[in-house]
Number of protein chains: 2
Amino acid sequence: MPSSKKPKQATRADVARLAGVSESTVSYALTGVRPISEETRERIESAMKELGYVPNAMAQALAGKRSGILALLFPVGERGFNETDFEYVQAANEAVAEDGYQLLLWPNAVEDIESLKKIVNQGLVDGVLLMEVRSEDPRVPVLIEAGMPFCLIGRTEDPSKLTYVDADFSQWGPLAIRHLGDLGHKQVGYIGIADELINVGYGPGVRTETGLHEEAGRAGITLHPKHVAATIRAGRAAMEELLTSTPPVTAVISLNESAMVGALEVLASHDLSIPEQFSVMSFGISEIAANMTVPSQTTIGVEGKDLGRMADQYLIARLNGDNKSVLQHLSAPVFADRGSTGPAPE
Amino acid sequence: MPSSKKPKQATRADVARLAGVSESTVSYALTGVRPISEETRERIESAMKELGYVPNAMAQALAGKRSGILALLFPVGERGFNETDFEYVQAANEAVAEDGYQLLLWPNAVEDIESLKKIVNQGLVDGVLLMEVRSEDPRVPVLIEAGMPFCLIGRTEDPSKLTYVDADFSQWGPLAIRHLGDLGHKQVGYIGIADELINVGYGPGVRTETGLHEEAGRAGITLHPKHVAATIRAGRAAMEELLTSTPPVTAVISLNESAMVGALEVLASHDLSIPEQFSVMSFGISEIAANMTVPSQTTIGVEGKDLGRMADQYLIARLNGDNKSVLQHLSAPVFADRGSTGPAPE
DNA sequence: TTAAGTAGTCGACGCGTGTCGACGAATTCG
DNA sequence: CGAATTCGTCGACACGCGTCGACTACTTAA
């Protein structure tokens with residue numbers, strides 16, 4: 001081995017020796033838990049600088065019961081991972097970094113609770129952020145039993161005792177239906193998520209569709225729901241079907257980012273101009289994604305960055321011993337008109 | 001505090017007591033470093049199962065000099081973060097997990113080497129994967145000095161002594177120009193990345209464009225390069241400019257995923273049908289991204305998953321003490337014809 | 001028969017930090 | 001002026017694990 005000697009990182013003992021103080025004094029200078037005279041503090045600090053001292057994270061964690069690492073569980077499952085999901089990750093990551101924590105990625109499937117147990121009991125992480133939460137999420141009891149602080153990005157069936165941030169999906173449907181109803185649409189298509197996800201209780205899919213149906217009934221609008229896989233191909237097929245219905249569908253709403261791309265292709269190939277002859281709008285996609293398609297899409301969704309950031313704050317509050325207050329947040333829908341909806345034709 | 005008592009995780013001592021052996025015996029049963037009789041091994045294993053014992057990662061790292069954590073440096077800088085970048089992350093994450101490591105995310109900017117130094121010397125991670133590598137990347141010397149194993153996803157100016165995986169960008173330009181040349185195009189637009197990135201030596205931007213110019217000269221094709229920010233707006237402006245040139249541009253190549261979206265909008269608004277009246281193609285975007293636009297785009301790029309996976313393998317090889325062999329890989333370009341290029345008009 | 005292992009196990013120590021108890025000196029209070 | 005604090009510092013220990021040396025009971029080679 002040529003020049004691959006690892007330069008041994010300076011330890012607290014080295015700093016103490018150089019500064020001529022005891023090790024514990026160095027610790028207190030670092031944490032401020034006990035008072036230190038100005039003079040010694042300066043000696044210690046210059047010694048640290050000279051040695052390039054950085055506290056060993058492992059030892060800190062072992063001794064202090066805190067690793068400074070938060071984990072993000074983002075199952076890359078049936079639904080795939082898209083631009084919009086990444087917004088949450090990025091936001092959470094930034095927020096976590098600002099608070100002096102590190103973010104660890106865990107791509108484990110929701111069902112893989114054996115791995116979860118192992119990982120949680122490793123003592124590696126201080127807390128966990130959960131994405132892709134289901135109605136009866138098997139990960140929640142595991143985390144509770146392990147005494148691991150966590151925050152959901154989403155909700156379970158009964159989240160009353162949990163810490164979570166989520167979009168208020170129940171408002172999405174009514175908002176969209178009202179918007180389209182005001183424009184005179186009577187037959188509205190809906191491109192939702194796959195049945196498999198609905199069946200396992202994927203919250204956004206369930207709650208959004210419930211709201212759609214309720215408001216559609218109220219407003220005398222006929223809803224044509226299609227549950228399809230998150231693929232462009234599936235979106236094409238769904239749109240083709242919708243176009244054959246009578247009376248004709250004049251607008252479509254989507255909760256399926258990938259499928260919507262296929263749907264737009266079909267509309268284009270049928271020479272249906274948007275929004276003059278057909279209206280489209282999407283739920284819960286990021287601004288970037290909404291502008292990616294031609295034309296840009298009018299959307300109803302949430303501020304993803306805020307959600308990620310808030311989840312982080314809630315989790316850290318729990319870490320800091322706040323076990324009493326209820327930390328729950330439902331994010332109001334954000335309507336962004338990008339001109340893809342217009343008055344119903346005829 | 002109501003019921004928030006953390007169930008103290010079982011330790012090696014607990015297992016040893018229950019199994020009626022010493023602590024070190026438990027360790028050896030776990031690591032296999034020394035032989036253990038079949039009988040004791042079984043006693044120990046059932047004790048571990050009964051207690052739900054999971055070794056404490058921090059203590060293991062402290063004592064054993066290995067944390068089992070790899071870090072991924074992915075600067076979310078000027079260029080933004082898109083679907084295609086995420087493919088690398090995901091691939092690396094999966095590969096790392098398969099090898100029993102965890103992936104830590106570090107969104108630090110390339111310039112923020114102070115944070116890097118701190119983080120690297122924390123002893124938290126065993127190795128590092130670098131994304132967004134620049135010609136003279138300031139992070140490289142820091143990592144070398146710290147004796148931290150790393151693998152680049154990309155290359156520096158002189159990577160001869162480094163471990164890296166990268167796409168062979170020098171082939172992208174020639175391949176694209178030849179393809180368009182064969183179709184009879186003579187005036188070709190190019191939508192590249194921002195000048196700021198070129199100036200700091202962002203490899204893909206530099207190497208790709210060099211190849212483009214060389215082959216264009218060889219083939220007698222006039223290249224119209226535009227360096228624009230990674231925004232839809234900037235793409236629109238660039239495309240509008242390109243359409244005013246004489247003789248008219250008949251094809252455009254893009255290395256700028258976001259800007260290309262704007263460019264496609266402009267082409268659509270000018271009623272230029274693709275590929276009959278105008279040809280387009282993109283460098284280095286994922287299949288999903290290529291299919292997201294209307295129409296889908298013909299692309300030249302790399303298999304992102306392979307790169308991420310290979311980077312992981314190389315890094316782990318270094319971790320396992322392989323300091324002699326040269327671990328470097330240039331990934332051959334992949335041409336995917338999605339029908340967005342055709343014969344030059346007229 | 002004896003020296004030289006080998007399998008199987010134990011005890012002790014070190015990794016680098018947080019933190020508690022103790023102690024002298026300086027300060028405040030009654 | 002003595003007692004009670006507070007300030008500033010030190011030494012010792014715990015955190016949970018990896019690993020080295022030593023020891024016993026056998027097995028094998030000479």
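Within every chain, numbering begins at 1; the chains are lettered A, B, ... in the order of the sequence lines, protein sequences first and strands thereafter.
Between B:Y28 and C:dG11 there is no side-chain N or O to OP1 or OP2 distance below 4.0 Å. Note on A:T25: a side-chain N or O is less than 4.0 Å away from OP1 or OP2 of D:dC10.
C:dT9 atom C1' lies 16 Å from atom CD of B:E38, rounded to whole Å. Residue A:R17 contributes atom CZ, which lies 11 Å from atom P of C:dG16 at whole-angstrom precision. Taking atom CG on B:L51 and atom P on D:dG16, their separation rounds to 14 Å, with Å as the unit. Nucleotide D:dT19 holds its P atom 11 Å from the CZ atom of B:R12, rounded to whole Å. A straight line from CG of B:N56 to C1' of C:dT17 spans 14 Å, rounded to a whole angstrom. For A:R66 and D:dA14, the CZ to P distance is 23 Å, given to the nearest whole Å. Atom-to-atom, CG of B:L30 to C1' of C:dT9 comes out at 16 Å; the value is rounded to the nearest Å. Going from atom CD1 of A:I44 over to atom C1' of D:dG8 covers 11 Å, rounded to whole Å.
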Check the pair B:L315, B:L129 against side-chain contact (heavy atoms from CB on, under 4.5 Å), reporting the backbone distance first and the verdict last.
CA-CA 8 Å; B:L315 178 54; B:L129 292 173; 3.8 Å; yes
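At a cut-off of 3.5 angstrom, counting only N and O atoms as typed in the model, there is no donor on one side facing an acceptor on the other between the side-chain of B:R41 and the base of C:dG8. For C:dG18, its base never sits under 3.5 Å from the side chain of A:R34 at any donor and acceptor pair.
Among C:dG8, D:dC7, C:dC15, the nucleotide with an atom closest to any side-chain atom of A:P35 is D:dC7. Listed nucleotides: D:dG16, C:dG16, D:dT9. Nearest to the side chain of A:T40: D:dT9. Of the candidate nucleotides D:dC10, D:dG18, C:dT17, D:dG18 has the atom nearest to the side chain of B:Q60. The side chain of A:T11 has C:dG16 as its nearest neighbour among C:dT19, C:dT9, C:dG16. Proximity note for B:L62 (side chain, C-beta onward) versus C:dT19, D:dC17, C:dC15: the nearest is C:dC15.
A salt bridge links A:R134 with A:E111: at least one charged nitrogen is closer than 4.0 Å to a carboxylate oxygen. With respect to B:D306 and B:R309, no salt bridge is recorded, no charged nitrogen being found less than 4.0 Å from a carboxylate O. With respect to A:E114 and A:K118, no salt bridge is recorded, no charged nitrogen being found less than 4.0 Å from a carboxylate O.
Residues B:G20 and B:G64 each lie close to DNA chain C; by heavy-atom proximity, the contact nearer the 5' end of the strand is made by B:G20. With DNA chain D read from its 5' end, the first of the two nearest nucleotides for B:M58 and A:V21 is the one closest to A:V21.
Here A:S24 lies in heavy-atom contact (under 4.0 Å) with a base.
By the 4.5 Å heavy-atom criterion applied to side chains, A:L70 and A:L319 are counted as neighbours.
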